[in-house]
Amino acid sequence: MDAVTYPNDKVAAHVHEHCIPLRIGHEDQPLAGQFKVKWTPRLFLLDQNGNSDHDVMGFLPPDELVPFIQLARAKQAFHNDRLDEATAILDEMLIESSASGSAAEAVFLHGVSDFKKNHDPKALKAVYRLLKFDYAQSAWARRAFPYWNL
């Protein structure tokens, strides 16, 4: 990732704006043990309390790292009941990176955030339809299946 992803201008700007990067190797104890780092690269996005809601093991190209970070930030906002912030981040991500590996999960989280804000089951049904047609092979389409008959 040092040769390809991190030097990318968009990645560097996004990391600088939204992250405090810290590099640890699998041999660096106690942090490597705390986060069960057995292989690198392994990326975690931690909240202000040091908790991770989102991580990945392995290489991410530049066009995947930014949506990965956006999805992690949206999940942190969601888990802290900042639903407007979560949907705003997800809107931006889906406009810029709808073909990324993080997009289907972002669609799912967006719909769940909308439902939690408005208590309208139509948001969940809309998520299922979007996932069924645009991300049919994703695990997130299968997870949204119960919403089809709302």
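Computed over heavy atoms, backbone and side chain alike; hydrogens, waters and symmetry mates excluded.
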Nearest heavy-atom pair of [X] and [Y]: which atoms, and what distance?
{"X": "S113", "Y": "T87", "value": "CB-CG2, 3.6 Å"}
{"X": "P21", "Y": "V15", "value": "CG-CG1, 3.9 Å"}
{"X": "L124", "Y": "G111", "value": "CD2-O, 3.9 Å"}

For [X], is the [atom1] atom crowded, meaning more than 12 foreign heavy atoms sit under 6.0 Å from it?
{"X": "Q137", "atom1": "CD", "value": "no"}
{"X": "N51", "atom1": "CG", "value": "yes"}
{"X": "K125", "atom1": "NZ", "value": "yes"}
{"X": "K122", "atom1": "NZ", "value": "no"}

Examine distances only and state if a side-chain atom of [X] and a backbone atom of [Y] form a donor-acceptor pair shorter than 3.5 Å.
{"X": "K75", "Y": "D53", "value": "yes"}
{"X": "E64", "Y": "G101", "value": "yes"}
{"X": "Q29", "Y": "G33", "value": "yes"}
{"X": "S97", "Y": "L94", "value": "no"}
{"X": "D47", "Y": "N49", "value": "yes"}
{"X": "R42", "Y": "K36", "value": "yes"}
{"X": "S138", "Y": "A141", "value": "yes"}
{"X": "D120", "Y": "A123", "value": "no"}

Between [X] and [Y], is any pair of side-chain heavy atoms under 4.5 Å apart?
{"X": "E105", "Y": "R143", "answer": "no"}
{"X": "Y128", "Y": "F108", "answer": "no"}
{"X": "V127", "Y": "F115", "answer": "no"}
{"X": "Y135", "Y": "W140", "answer": "no"}
{"X": "C19", "Y": "L45", "answer": "yes"}
{"X": "D55", "Y": "L43", "answer": "no"}

Roughly how far, to the nearest 0.5 Å, is [atom2] of [Y] from [atom1] of [X]?
{"X": "E92", "Y": "R73", "atom1": "CD", "atom2": "CZ", "result": "7.0 Å"}
{"X": "W148", "Y": "R129", "atom1": "CH2", "atom2": "CZ", "result": "11.0 Å"}
{"X": "M93", "Y": "L109", "atom1": "CE", "atom2": "CG", "result": "9.5 Å"}
{"X": "L71", "Y": "Q76", "atom1": "CG", "atom2": "CD", "result": "10.0 Å"}
{"X": "Q70", "Y": "L65", "atom1": "CD", "atom2": "CG", "result": "10.0 Å"}

**Q.** Hydrophobic cluster identity match, V56 and I89, side-chain contacts under 4.5 Å
**A.**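 V56 and I89: separate clusters.
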Q.
Does anything in residues 60-79 form a ring-ring contact (aromatic ring centres under 6.0 Å, His included)? List the pairs, not counting sequence neighbours.
A.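 Sorted result for residues 60-79: H54-F68.
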Q. In terms of ring plane angle, is the pair H14 and H18 parallel, tilted or perpendicular, where the classes change at 30° and 60°?
A.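 Taking H18 first and then H14, their aromatic rings sit tilted (interplane angle of 30° to 60°).
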